[in-house]
Structures are given as structure tokens and as C-alpha cells.
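The block underneath contains the structure these notes are about, expressed in C-alpha cells.
A, B, ... follow the sequence lines: proteins, then strands. Residue 1 opens every chain.
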2 protein chains.
Amino acid sequence: MANYLTERSQKILEAIIEEYIATAQPVGSKALTLNLGIKLSPASVRNVMAELEELGYLTSPHTSAGRIPTEKGYRFYVDSLLRISDLDVRQKDQIELKYRQQGLQMADMLREASRTLSTVCHYTGLVMVPRLKTTIFRHIEFVKLSPRQVLAVFVTQSGLVQNKLIDVDEDLHPRDLEKITNYLNKSMTGLSIQEVRARIIAEMAEEKALFDHLLRRAFVLSSAALVDEATGDVIIEGTSHFLEQPEFADLPHMKRIVQTFEQKSILVDLLDRGLEAKGVQVIIGSETAYSELADCSLITAAYSGKRGTLGTLGVIGPYRMPYSTIIPIVDYTANLISRLLDTDND
Amino acid sequence: MANYLTERSQKILEAIIEEYIATAQPVGSKALTLNLGIKLSPASVRNVMAELEELGYLTSPHTSAGRIPTEKGYRFYVDSLLRISDLDVRQKDQIELKYRQQGLQMADMLREASRTLSTVCHYTGLVMVPRLKTTIFRHIEFVKLSPRQVLAVFVTQSGLVQNKLIDVDEDLHPRDLEKITNYLNKSMTGLSIQEVRARIIAEMAEEKALFDHLLRRAFVLSSAALVDEATGDVIIEGTSHFLEQPEFADLPHMKRIVQTFEQKSILVDLLDRGLEAKGVQVIIGSETAYSELADCSLITAAYSGKRGTLGTLGVIGPYRMPYSTIIPIVDYTANLISRLLDTDND
DNA sequence: GTTAGCACTCCATCGTCTTGAGTGCCAAAA
DNA sequence: TTTTGGCACTCAAGACGATGGAGTGCTAAC
């Protein structure tokens with residue numbers, strides 16, 4: 001037996017996968033020859049199916065059922081068989097419409113992206129919020145909340161607002177805080193956070209000699225404010241779509257998945273993987289390396305601002321998923337968000 | 001037949017409800033006399049049960065099953081029978097522990113509250129974020145994002161950060177923005193938002209005469225920044241607990257509920273109802289007035305800061321719920337949050 | 001290499017039967 | 001008058017078995 005697939009085998013594999021994606025039912029040889037474009041007898045198809053099963057692309061739940069794709073089958077399908085169609089204009093409009101409203105700031109936009117992905121794809125939408133370190137410094141502000149607590153409010157170039165509570169060990173005068181604020185805003189605006197951090201460290205070293213107490217505190221404060229939280233944040237929308245999937249009908253299973261979402265950390269990890277990749281990434285089942293998501297697939301794409309990649313967004317669903325329609329949607333959304341972040345706020 | 005309940009009837013009703021809450025199974029007359037503290041024969045109990053059914057406190061799924069409480073039954077139970085025990089020390093500790101960490105700002109604290117409610121109660125936790133209008137002005141900042149866009153960042157007394165994108169029709173110079181910022185911070189700090197708004201309107205009227213262009217813009221900007229979004233925000237944690245409830249085993253039903261959560265608006269409405277109320281509120285089933293939540297109960301309590309009620313928090317679950325343990329937890333959490341908001345940040 | 005035919009497998013479905021928990025009612029007991 | 005034991009009745013749930021049908025693998029013919 002050949003260990004590569006003839007064109008005919010590929011055609012049949014493709015037909016099976018697409019039929020299974022559409023119906024969630026095991027596909028039999030007869031159905032293939034009748035409704036789908038296979039011009040062979042059921043017997044011949046059966047031979048090919050047996051071969052595909054041997055090679056690990058298909059499996060059958062029991063002897064008298066049809067075949068269903070394995071993970072390997074999906075992977076081959078996504079890598080080799082899938083023809084990604086362009087998004088039709090209507091869908092583009094549907095997506096773009098959501099961002100038309102005025103006065104959408106970045107956080108709202110990302111949430112909207114997640115929601116739109118979810119409703120358009122009928123799966124769960126995911127958007128990773130940009131990490132602090134990938135953003136550009138625009139403005140910082142220190143607000144004194146109590147004698148020992150200062151709230152740092154930090155605005156990035158793209159209008160994302162992050163804030164952080166800082167415990168201080170001396171009672172700073174509001175006037176001093178103002179001075180610090182002014183100094184930082186004057187000298188740091190437009191730099192990336194990494195540059196800002198580097199600069200702070202450099203100037204602090206220098207500062208040792210000069211010993212300007214106030215300036216010193218400015219640096220301490222701002223470096224505290226700009227510490228990157230290790231854990232990124234994910235915006236999840238449309239968890240309820242999972243409840244539509246027949247493969248997750250049993251509650252304990254379902255529950256494990258929803259809990260995984262609530263924890264977020266696993267999703268952060270998975271989305272992080274798409275950060276360096278170009279274009280759309282597909283992670284199928286066990287490729288996630290998390291048993292909780294063994295029968296889920298993620299489709300992700302990175303979005304970027306003026307200065308490179310900011311984060312990733314995508315969709316998660318069962319691994320029986322209409323990849324050919326979802327992939328372009330995710331791709332288009334990522335590009336759209338990138339475009340919006342680029343033209344806005346300059 | 002009496003239309004009030006004898007003490008014996010009440011005892012039996014109570015026993016049935018508590019048994020049903022514990023097991024989710026219809027309760028029969030035999031079980032009551034055997035395991036629970038009813039010292040009567042099954043036959044007598046049956047008489048009472050028939051009576052309770054006639055009065056609308058109980059119902060039976062079919063003739064040969066036991067009885068289950070109706071909504072009216074639960075309502076009577078909550079109003080008249082329930083003895084709310086104090087929270088035991090261990091649980092208090094378990095809750096309080098979560099807030100021990102340093103540097104928790106308000107938003108984090110509210111999220112933590114929702115999460116803790118969820119894990120301690122094994123239901124879904126809800127926390128309503130304070131409305132802008134109930135908070136006290138501490139600091140405002142305008143950051144120019146583009147020639148026509150200004151980001152207003154607004155910090156409340158308790159350290160909650162809200163931000164809003166404002167479209168402006170003239171290109172403001174950063175120096176002007178700074179002046180505006182300074183002016184507002186000097187004159188408005190410590191006032192409630194309502195006072196701030198009143199003051200702005202008053203000064204704007206006066207301003208017409210004086211016509212200081214800059215000041216005028218300050219007022220326009222800040223009133224735009226302080227417009228209260230009509231829709232409050234709710235922090236929902238632990239949706240997955242819903243999947244544990246046997247009464248929501250069928251997926252379409254479950255899905256409707258989860259979708260209701262995702263929409264949030266209904267939850268906002270329900271939580272709003274608890275704003276003026278003192279102490280813990282229980283909303284059972286159809287009392288929610290939303291058919292989607294016809295078999296859910298909410299237990300809510302208001303939390304407050306230095307100057308009155310800020311918002312509400314609570315728990316939502318099936319209406320078969322151990323009210324006697326949940327109510328004190330919600331109560332305690334609301335008080336705890338109030339205390340933390342009060343002593344912090346002064 | 002392809003196809004028709006055929007025996008075989010096994011799940012899903014349906015009706016039947018049984019079981020048992022629980023009820024309502026009545027008459028006897030307290 | 002209230003309580004209780006007894007008894008016939010009801011009905012869901014589970015077990016069992018038969019049936020049907022979709023699908024397979026294999027073999028022999030085309």
C-alpha cells in the first residue's frame with residue numbers, strides 16, 4: 001500500500017471531511033456516491049476508505065457506522081486540501097459594520113472584535129489584549145489615593161488604558177507627583193515600553209551620582225507602574241455557542257471546557273503561540289497539548305499596530321469546524337483590526 | 001381547610017424543601033418519616049402534603065412521585081421558615097483570605113468578590129460595578145490621541161478608573177488640555193459626580209457672560225466625559241457552575257440561560273433592584289419577570305462606600321438553592337467589600 | 001482496477017414487561 | 001376527632017428482546 005495519497009484518495013477524504021463537518025454524522029460509502037461528487041461505486045469508495053483508515057486519516061466509531069475524520073485527517077485537510085475562498089462582500093460588510101460607530105476606544109474595539117467573531121462564526125470568540133511591553137508610551141499619570149497608595153494610570157499610543165496600584169513607602173506630596181508626571185510625559189512619550197524601561201534603568205544608574213531625590217522617585221514609581229503583568233488578558237465572547245455543538249452534549253465534558261475558558265491562562269498560552277506567526281494559524285485537538293481541549297480547534301491570527309504585532313485573536317470550537325469559512329473570517333478580522341489601529345490615533 | 005399553615009404543616013413543608021434542596025429528588029412521605037425528624041406516620045404526612053399541594057406550596061411531577069416545592073413554597077420558606085445561621089469562622093476566613101493580598105485596586109477587588117462568591121457558593125457570582133453617578137470625583141485627565149480625539153481618564157475616590165473617548169471639533173493644544181485638567185482637578189476633587197455635574201452646568205451658565213473660551217471648553221469636555229453610560233457593567237464569574245445543576249441538563253434550556261448572562265442587560269436590571277434595599281434580597285423564579293430565568297433565583301445585597309450605596313453583588317443559581325447557607329455568604333461579602341472600600345483610600 | 005452481490009455486524013428504535021416508589025382513600029385504632 | 005395501617009392504583013424508569021437498517025468486508029465477476 002502506498003504511504004502517500006493518490007489524487008482520488010484525497011478527493012474522497014476531502015468529501016468525507018466536508019460532509020462530516022456539515023452533518024456531524026459518520027459518513028458512509030453510499031452517501032458519498034449519491035449526493036457528493038464522487039463518480040465511483042460504493043464498493044470502490046469502500047476500498048479507498050479502508051486504505052485511508054489504515055493510514056490513520058479516518059476512523060469508525062463501530063463496524064456498522066460510516067467513517068469520521070481523525071485529527072490527522074483534519075490536519076491533512078487543513079494543510080493540503082483546503083481551498084480558502086475569499087470572504088464574500090456581504091460578510092465583509094457585516095463585520096465592518098460593527099466598527100462603524102464613532103468613539104470606539106481600543107478596549108471597546110477589541111471586545112467588539114471578540115463578539116463579532118463569535119456571532120459571525122457561531123463559535124467562541126477570543127481576543128488577546130496587547131501586552132504592555134508591545135505598546136507605545138503615550139501618557140502616564142499618578143493619582144494619590146491614600147498616603148501610601150498611588151494609582152498609576154497609563155495610556156498607550158493606541159488609546160488602551162492600563163492602571164496599577166502602587167504601594168509607596170513615603171508620603172508623596174501631590175505637587176511632587178505632578179512634577180514626576182510632567183517629567184515622564186515629556187521625556188518618554190512615543191517610546192516603546194521596552195525603550196522606556198531601558199531609559200529608566202539607564203537614567204537611574206546615572207542618577208546615583210546626581211542624586212536628585214525627586215527624579216529618583218519618579219523612576220521608581222514608573223518602573224513599578226510599567227512592570228508587565230506576566231499573565232495577559234483574553235476577551236472571551238460567546239461561550240454559549242459551545243452548547244450548540246452535539247459533540248459536547250455530555251455535561252461533565254462541557255463543564256471542563258467552560259472551566260478552562262474561565263481560567264483563561266490556557267487560552268492565553270494558546271493565543272500567545274500565534275504571536276510570531278504570519279497569517280492564520282490552526283491548532284487542532286491534541287496539538288493544543290491540553291487534554292481539556294483535546295477535541296477543540298483554535299483558529300487564530302495576529303493583529304498589529306503601527307509598530308508590529310500587538311496580539312492575537314481568533315475563534316475556538318469543536319475540531320469539527322468549517323475551516324474554509326472560518327479561516328477567512330479570522331484573517332479578515334485581524335487585518336481589519338490592524339487597519340483600524342493603524343489609522344486611528346496618530 | 002384552613003388557609004393558613006399550622007405549625008405542623010410548616011415543619012413538614014420545611015423538611016420537604018430542605019430535603020429537596022439537598023437531593024434534587026421529589027420527596028415522598030416515607031423518606032420524611034424515616035430520615036428526617038418527623039414523628040408521624042407516612043399516612044398523616046400524606047394528608048398534610050395533600051393539603052400543602054392544594055394551597056400551592058407543593059406540586060408533584062406525576063402521581064407516583066414525591067412532592068417538590070413550588071415557587072410559592074420557596075417564597076414562604078425564605079420569608080417565614082428560614083433561620084439564617086451565622087457564617088462559621090472557617091468560611092469567613094476562607095472569604096476574607098482572598099482580599100488579603102496587597103495592591104488590590106477596586107476593579108480587581110470587585111472581580112475577586114465575584115469569583116469568591118462563585119467558588120464559595122458553587123453558583124455563579126455577580127458583581128455590579130458602581131455607576132459613575134454614585135461615585136466621588138478624585139481626578140480627571142485628558143489625553144490627546146489624535147487631532148479630533150481626546151481620551152478622558154477619570155479616577156473615582158475609591159480608585160476605580162473609567163475612561164471615555166471624546167470626539168472634539170477643534171484641535172486642542174496639549175497645553176490647553178493640561179490647563180483644563182488642572183482647573184478641574186483643583187475645583188472638583190471630593191465632590192460627588194452629581195455635584196460636579198451641577199457645578200459645571202451652573203458655571204457654564206455664568207460663563208456665558210465672562211466668555212473665557214478655554215474654561216468653556218473645559219466644561220464641555222468634562223461634561224462629555226462624565227455622561228453616565230446608561231448600561232451598568234456586571235462582573236460574572238463561574239458560569240460553569242450552572243452546568244452542574246441537574247435541572248439544567250437539557251442543552252437548549254441551558255443555552256438560553258448562558259446567553260442571558262452574556263447579554264448582561266437583564267442581570268444589570270435585576271441587580272439594580274437591590275440598590276435601595278437594605279440587607280439581602282432574594283428574587284425567586286418568575287419574580288425576576290424574565291422567562292429566561294424562570295427557574296433561577298438571585299440572592300443579592302448592596303455594598304457601599306463612604307457615601308452611600310455603590311452597587312450590588314450576589315449569586316445566581318437554580319431556584320433549588322440552599323438559601324440558608326448562601327444568604328449569609330452574600331451578606332458577609334457585601335459587608336466585607338463595603339468595609340474594604342471604606343477603610344481603603346482615604 | 002472496478003463493481004455487484006452477499007453475508008455479517010452492530011447500533012438504534014420500539015414495544016412489552018416488570019419493578020418499585022409513592023399516592024389516595026377508607027376503615028379501624030387511639 | 002385525629003392518627004394510623006392497609007390496600008388498590010398509578011406511573012416513570014429500567015430491563016429485555018425483537019426488528020430494521022445502515023454500513024462494512026470479502027469474493028467473484030466484469
inquiry  = Need to verify one output field. Residue with the more 5' nearest nucleotide on DNA chain D, Lys39(B) or Ala31(A)?
reply    =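 So the residue in question is Lys39(B).
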Worksheet entry | Residue whose closest nucleotide on DNA chain D lies nearer the 5' end, Ser44(B) versus Pro61(B) |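 Final value for this comparison: Ser44(B).
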For [X], which contact category applies under a 4.0 Å heavy-atom criterion: base, sugar-phosphate, or nothing?
{"X": "Ala65(A)", "value": "sugar-phosphate"}
{"X": "Ser29(A)", "value": "sugar-phosphate"}
{"X": "Thr63(A)", "value": "sugar-phosphate"}

Between [atom2] of [N] and [atom1] of [X], the distance in whole Å:
{"X": "Glu51(B)", "N": "dT23(C)", "atom1": "CD", "atom2": "P", "result": "15 Å"}
{"X": "Asn47(B)", "N": "dT4(D)", "atom1": "CG", "atom2": "P", "result": "10 Å"}
{"X": "Ile12(B)", "N": "dT2(D)", "atom1": "CD1", "atom2": "P", "result": "15 Å"}
{"X": "Lys30(B)", "N": "dG24(C)", "atom1": "NZ", "atom2": "P", "result": "16 Å"}
{"X": "Glu19(A)", "N": "dG23(D)", "atom1": "CD", "atom2": "P", "result": "11 Å"}
{"X": "Met49(B)", "N": "dT3(D)", "atom1": "CE", "atom2": "P", "result": "16 Å"}
{"X": "His62(B)", "N": "dA13(D)", "atom1": "NE2", "atom2": "P", "result": "6 Å"}
{"X": "Gln25(B)", "N": "dA21(C)", "atom1": "CD", "atom2": "P", "result": "13 Å"}

Taking 4.0 Å as the cut-off, does a side-chain nitrogen or oxygen of [X] come that near to OP1 or OP2 on [N]?
{"X": "Ser41(B)", "N": "dT4(D)", "result": "yes"}
{"X": "Arg67(A)", "N": "dA22(D)", "result": "no"}
{"X": "Ser64(B)", "N": "dT10(D)", "result": "no"}

message: Quick check against the 3.5 Å criterion: does Thr300(B) have a side-chain atom that pairs as donor or acceptor with the backbone of Leu313(B)?
response: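 Judged by distance alone, no pair lies under 3.5 Å.
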Quiz prompt | Arg67(B) (side chain) donor-acceptor with Pro61(B) (main chain) under 3.5 angstrom | solution =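 Side chain of Arg67(B) to backbone of Pro61(B), a donor-acceptor pair under 3.5 Å: no, none is there.
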task = Decide, yes or no, whether a salt bridge links Asp79(A) with Arg75(A) under the criterion of side-chain N to carboxylate O below 4.0 Å.
result =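 Here Asp79(A) pairs with Arg75(A) in a salt bridge, since their nearest N and O are under 4.0 Å apart.
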Query raised in the report: Of all the nucleotides listed (dC25(C), dT3(C), dT9(C)), which has the minimum atom distance to the side chain of Arg46(B)?
Result: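 For the Arg46(B) side chain, the nearest candidate turns out to be dC25(C).
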_Centroid separation under 6.0 Å, is that true for the rings of Phe242(A) and Phe261(A)?_
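Aromatic pair counts; centres sit under 6.0 Å.
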*Do other residues, nucleotides or ligands put more than 12 heavy atoms under 6.0 Å from Lys11(B) NZ?*
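No, NZ of Lys11(B) has 12 or fewer neighbouring heavy atoms, counting only those of other groups under 6.0 Å.
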